[in-house]
Amino acid sequence: MRLLRALSLAALALSSAAAAQTYPSKPIKVIVPYPPGDAVDILSRLIGPKVTERLGQPMIVENRAGASGQIGMEVLKNAAPDGYSIGIGQGGNLVVAPHTYKKIPYDPLKDFVPIAELATNYLAVVANPNLPFKTAAEMVAWAKANPGKLTLATNGEGGFPHLAFENLAMMGGFTFQHIPYKGAAQIATDVIGGQVQLGIGAYTSLSPHVISGRVRLIAVTNPVPVPNKPELPIFADAVPGYDSRGWFGYVAPAGVPRDIIRKLNEEINRAMKLPDVADKMVASGLIIVTESPEFFGAVIRSDYEKYGKLARDIGFKPQ
C-alpha cells in the first residue's frame, strides 16, 4: 500500500512538472471581478503585457463585475484548474465579504489557491477642518470624551472601510456613529459641507481634497510610515498595533498544479519589479509586494480570521 501511494505521488509530481514545462500553450484568461477602470482592472492590464512577453501567450482580461466582486470570484471558482483561468482577488471579496454577507457563492479558503500578492494599499480618514481635533491622538481623546458623538461616513455597511474603522475604535477604546453611503463619491463633499465629521476611503481618492485644504487628513491605516510618503501620519502612533491595510493579488481555482502556480508567481513578481510597472504602482499609492504563494496564503488566512473575529466582536449582522 505504501509503495503504491509513493508511486502515485511520484507520478503526480512528474505530471505536474511536465505541465509546467509546456505551460502556457494557449492564452491565459484573467478574471477581474470589477468593471473596467477599477483599480483591480488597471493593475491587471498593467501587469499582464509584461508577463505575456515572458510566457509567450497573452493574458486576456475578462471583466465579470457584480455583487461586490462575488460574481467574478464564483466564475473563477468554477473554472478548470489548469492554470488557464486565473483572477485577481482583494481583501473585500476574500476576507471581509464572507463575514458580512449571509451567503457568498464560494469559500475563499478552500476554492482558491494563492499565486502572488501584488500590492497593499491604505485608507485615509479625513475630517472637516473646523473640528476641534487635528491628529489621530486628539481624535481618539475627543471621541472618548464625547461617547457616540463622532460621526463617520463610509462607502457602505460591512465594507472594508467600515470594518477598518471599527477595528480602530475597538483597539482605541472609543465609539462612533456610522453613516453608510451607497458609494464613495459623496463622502468628501459631505465632510467638506459639515454634514458628517469624518470620512474614510482610499488616500488617492481623498488626497486632492487634503491638498486643497478642504478636508484635514487625520491619519492613514498603514501600520508603519508609507515608504514613498513618510510624511503621512499613521493611526498606529496613537493606537499601537493598529493595521488595516487592503491588498490585491492573483489567485487560481483550487487544484492548479503547484509548478504552474510557482511559474506564474515568478513571472508576476518579475513584472512587478520592472521600473515602468513599479513607478506607476507607487504613483497610484500602492506598496508593492513580491513574495511567495505561501506568503500570500498566510495573509489571506490571517485577515480572514482577523475580520471574522472583528465582525463577531462588534455584533455585526450579515446582510
Side-chain angles (χ1 to χ4, degrees), residues 23-24 26-66 68-69 71-73 75-76 79 83-94 112-124 160 184 201-208 220 222 226-229 245-253 256 260-293 295-296 299-300:
Y23 175 87
K26 61 181 181 180
I28 301 168
K29 180 168 62 178
V30 180
I31 296 172
V32 173
Y34 297 99
D38 183 90
V40 175
D41 177 73
I42 293 171
L43 268 179
S44 66
R45 296 178 190 276
L46 176 63
I47 297 164
K50 303 300 182 181
V51 177
T52 293
E53 291 174 7
R54 294 272 305 179
L55 294 182
Q57 292 288 346
M59 296 183 76
I60 302 172
V61 173
E62 181 177 304
N63 296 93
R64 299 297 293 268
S68 299
I71 289 176
M73 298 309 292
V75 172
L76 180 62
Y84 291 100
S85 291
I86 64 175
I88 297 188
Q90 43 96 290
N93 57 38
L94 286 178
F112 307 110
V113 58
I115 300 173
E117 184 177 3
L118 299 174
T120 64
N121 65 348
Y122 48 90
L123 301 173
F160 175 66
Y203 174 77
T204 49
S205 299
L206 295 171
S207 60
V220 298
N222 210 53
V226 178
N228 65 315
K229 294 183 182 296
R245 284 170 290 179
W247 43 258
F248 310 92
Y250 282 99
V251 296
V256 173
I260 289 178
I261 293 295
R262 292 203 174 278
K263 190 169 189 176
L264 286 169
N265 174 270
E266 290 172 4
E267 295 304 334
I268 290 166
N269 285 346
R270 191 191 307 271
M272 298 282 287
K273 295 175 183 177
L274 295 173
D276 55 337
V277 173
D279 290 349
K280 289 177 182 177
M281 293 183 70
V282 170
S284 298
L286 299 175
I287 301 171
I288 295 171
V289 180
T290 53
E291 295 285 353
S292 67
F295 177 91
F296 187 27
V299 169
I300 294 171

Any Phe112 side-chain heavy atom under 4.5 Å of Leu94 side chain:
yes
In terms of side-chain geometry, is the basic nitrogen of Lys263 or Glu266 positioned less than 4.0 Å from the acidic oxygen of its partner?
no
Contacts of Glu62 meeting side chain to side chain donor-acceptor pair (under 3.5 Å) (sequence neighbours excluded), chain-then-number -> Arg64
State the OG1-CD distance between Thr52 and Glu267, to the nearest 0.5 angstrom.
10.5 Å
Applying side chain to side chain donor-acceptor pair (under 3.5 Å) to Asp38 and not counting sequence neighbours gives none
Indicate yes or no: at least one non-hydrogen side-chain atom of Ile268 is less than 4.5 angstrom from one of Tyr250.
yes
Calculate, to the nearest 0.5 Å, the distance between atoms CD1 and CG belonging to Ile86 and Leu264 respectively.
5.5 Å
Using a 4.5 Å cut-off on heavy atoms from C-beta on, say whether the side chain of Met281 contacts that of Leu43.
yes
Pick out which of Val289, Asn269, Thr290 makes a side-chain contact (heavy atoms from CB on, under 4.5 Å) with Glu117.
Val289
Quick check: closest heavy atoms across Ile300 and Pro114, and the distance to 0.1 Å?
CD1-CB, 4.3 Å
Any side-chain heavy atom of Asn93 sitting closer than 4.5 Å to one from Ser68?
no
Mind checking whether Tyr203 and Lys229 have side chains closer than 4.5 Å, heavy atoms only?
yes
Residues in salt bridge (Lys or Arg N to Asp or Glu O under 4.0 Å) contact with Asp279, at least two apart in sequence or another chain:
none
Can you see which heavy atom on Lys50 is nearest to which on Val277, and at what distance?
CG-CG2, 3.7 Å
So, Asn228 side chain and Gly285 main chain: donor-acceptor pair closer than 3.5 Å or not?
no
Least distance between heavy atoms, Phe248 atom then Gln90 atom:
CD2-CB, 3.8 Å
Using side-chain contact (heavy atoms from CB on, under 4.5 Å), reason through Ile115 and Val256 one step at a time and then give a plain yes or no.
CA-CA 10 Å; Ile115 300 173; Val256 173; over 6 Å; no
Measure the spacing between CG of Asn63 and CZ of Arg45 and express it to the nearest 0.5 Å.
5.0 Å
Are side-chain heavy atoms of Ile88 and Leu118 found at a separation under 4.5 Å?
yes
For the student: nearest non-hydrogen atoms of Asp41 and Pro35, plus distance
CB-O, 3.6 Å
Could you give the distance from CG (Asn222) to CD1 (Ile287), rounded to the nearest 0.5 Å?
4.0 Å
Answer yes or no: is there a side-chain heavy-atom contact under 4.5 Å between Pro293 and Val113?
no
Kindly give the heavy-atom pair with the smallest separation between Leu46 and Lys280, and that separation in Å.
CD1-CD, 3.7 Å
Tell me, do Asn121 and Thr204 make a side-chain contact under 4.5 Å, heavy atoms counted?
no
Show the nearest heavy-atom pair for residues Met73 and Pro33, with the distance to one decimal.
SD-CG, 4.0 Å
